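These notes concern the structure reproduced below.
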Amino acid sequence: MHVSYEVPRLSVSSAALGAADVDLIIIPIAQDHTASAVGAYDSVFGGDLGSALERGEFRAKACEIYVPRTPGKDWRATRVVFIGGGPRAEIDAERMRRMAVTAAQAARCQRHSRLAWADVEPGTLSTTARVELIAEGVTFANFDNGVHKSKNDRQFFIKQAIILTGPDAAAAAATGRATGESINAARVLINEPGNFLTPRMLAERAQNLASVPGITAEVLDERAIESLGMGMLLGVARGSVEPPRLLVLRYEPAGAPAGQTLALVGKGVTFDTGGISLKPADGMERMKDDMAGGATVVAALRSIALQKLPLRAMAIVPMTENMPGGKAIKPGDILRAASGLTVEVNNTDAEGRLILGDALWYARQLGATHVIDVATLTGAVVVALGKTTTGLFGTPEPWVTHIRNAAAQAGEKVWPLPLFEEYREQLKSEIADMVNSPGRPAGSITAAMFLKEFAGDGAWAHLDIAGTAWAEESKPWQPKGATGTMIRTLIDVARSGFPGV
Ligand code: BES
Ligand code: MN
Ligand code: ZN
């Protein structure tokens with residue numbers, strides 16, 4: 001049996017580079033490196049680095065790799081890889097993580113199972129931040145999405161990684177490794193096809209992922225969902241023979257302030273055909289990733305619990321297929337939400353907002369004061385922001401800014417879009433309280449406006465990851481497939497506590 005990832009043994013050491021007992025040493029180097037740094041390496045590699053830089057064979061551009069001649073006999077490692085950083089002032093969290101993933105990926109491809117990272121390039125980061133990102137990146141790279149291949153020659157993993165840095169970095173390395181592991185576990189779920197991940201299977205696997213000290217889990221079945229009156233979740237689920245589930249994870253550490261609870265709500269559509277408003281065949285297979293938001297919030301809560309962060313938090317994931325079965329809801333049908341609002345379903349493909357509406361309402365019922373939902377919600381957000389940037393929506397403004405700052409800290413790109421009252425007009429229905437599909441203009445905004453109707457009065461934000469959850473092409477720092485985006489941002493939101501809202 002193939003595995004999707006392995007978590008490397010990870011340690012920190014203040015040993016000199018030459019003394020590290022590994023197969024390969026990775027050395028980051030900024031484009032504006034100093035002559036003395038290059039000189040020091042040149043004495044080890046017989047002038048190799050200096051001449052490569054001079055010839056322009058290696059320019060130390062971001063994530064550029066250079067393998068110099070083997071180090072002298074006084075080094076224990078037999079291989080070295082230089083990883084370019086670009087200009088030092090540009091080496092932020094995202095760049096450092098990409099460098100770590102790229103270099104560790106190269107190590108794996110070259111079948112080196114024991115590596116060391118020389119923490120010699122500070123970039124713009126603190127030592128703690130850097131070590132954490134390096135550990136996370138190396139763990140992230142130790143991932144192989146060929147689990148379903150009968151023959152797989154890529155099953156080679158890094159077994160051991162040592163970060164050569166100053167003292168006191170062990171905790172940061174452990175945190176980074178745990179984050180990387182949570183992200184990989186989420187990527188496994190997101191990559192999994194619909195027949196391997198029905199709502200019931202997702203509930204079970206998500207529950208397993210979250211079975212760490214401090215988290216209690218509850219899985220509501222279709223009867224429990226019905227007794228809560230969640231007509232929107234049940235309505236979407238009607239089109240499938242697979243029953244829906246609602247996963248509720250709670251993390252309530254002793255001593256956490258009682259007045260505030262963070263709820264992370266994630267869209268868990270295990271496959272989105274569009275329902276009776278059927279999607280075109282071309283590219284529909286991508287819709288197996290429509291539970292990315294759900295996997296994201298579960299992975300984030302897991303990391304929050306592993307880090308023993310001092311706040312109350314929960315994760316809520318409504319899980320269903322969106323199928324065009326004989327009992328499926330039809331365009332024009334009216335559903336009654338758990339909140340009491342009625343919705344005219346003019347397009348069954350706008351299913352995410354329906355199931356999230358019930359889940360957001362439930363988050364408030366359970367006492368959430370600060371809510372963030374994460375969802376592959378609209379194709380329109382790809383039109384607005386492309387495939388690099390997650391759409392951010394919410395209210396009040398300080399809560400949105402708080403999330404924006406956390407994303408910047410985490411090195412993930414988000415950008416705010418407005419929720420002006422004028423957009424509400426588009427939600428109007430002749431015969432119900434609102435429609436679920438308000439037409440093409442401002443499609444990701446009106447989707448967020450719909451969610452807002454169910455998010456209650458407290459702080460709420462929505463992250464539309466339809467453009468960012470899936471990488472369409474392979475990059476050295478991100479193989480094709482699930483990205484695991486926003487897990488780090490959610491962790492950083494929880495780490496930075498609640499702003500005054
Ligand atoms: N899951 C899709 C959104 C999506 C589209 C994610 C492309 C990733 C890539 C969502 O359920 C959906 O179908 N949204 C519709 C909404 C419309 C009918 C109002 C859309 O974006 O077309
Ligand atoms: Mn849809
Ligand atoms: Zn969907």
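These numbers come from a predicted model, not from an experiment. Both counts, for ligands and for their atoms, begin at 1 and track the order of listing.
Rounding to the nearest 10°, we obtain 90° for the angle at the Zn ion (ligand 3) between Glu351 OE2 and Asp272 OD2. One finds an angle of 90° at the Zn ion (ligand 3) between NZ on Lys267 and OD2 on Asp290, to the nearest 10 degrees.
If you number the atoms of ligand 1 from 1 as listed, the ones under 4.0 Å from a heavy atom of Arg353 come out as 16 (C), 19 (C). Contact atoms of ligand 1 toward Glu351: 11 (O) (distance under 4.0 Å to a heavy atom of the residue). Listed by number with element, the atoms of ligand 1 under 4.0 angstrom from any heavy atom of Ala466 are 6 (C), 8 (C). Each of the atoms 1 (N), 2 (C), 3 (C), 6 (C) of ligand 1 lies under 4.0 Å from some heavy atom of Thr376. Ligand 1 places these atoms under 4.0 Å from at least one heavy atom of Asn347: 18 (C).
Only protein N, O or S atoms were considered, and those under 2.8 Å from the Mn ion (ligand 2) are Asp272 OD2, Asp349 O, Asp349 OD1, Glu351 OE1.
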Evaluate the side chain to side chain donor-acceptor pair (under 3.5 Å) criterion for residues Glu344 and Asn436: first the C-alpha distance (whole Å), next the side-chain angles of each, then the deciding distance (0.1 Å), finally the verdict. CA-CA 6 Å; Glu344 178 187 358; Asn436 76 328; over 6 Å; no

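When distances to the Zn ion (ligand 3) are checked against a cut-off of 2.8 Å, Gly352 contributes no N, O or S atom below that limit.
A ring-centre distance under 6.0 Å is not found for His402 and Phe498.
Remark: Arg187 qualifies as a cation-pi partner of Phe143 under the 6.0 Å distance and 45° angle criteria applied to the six-membered ring.
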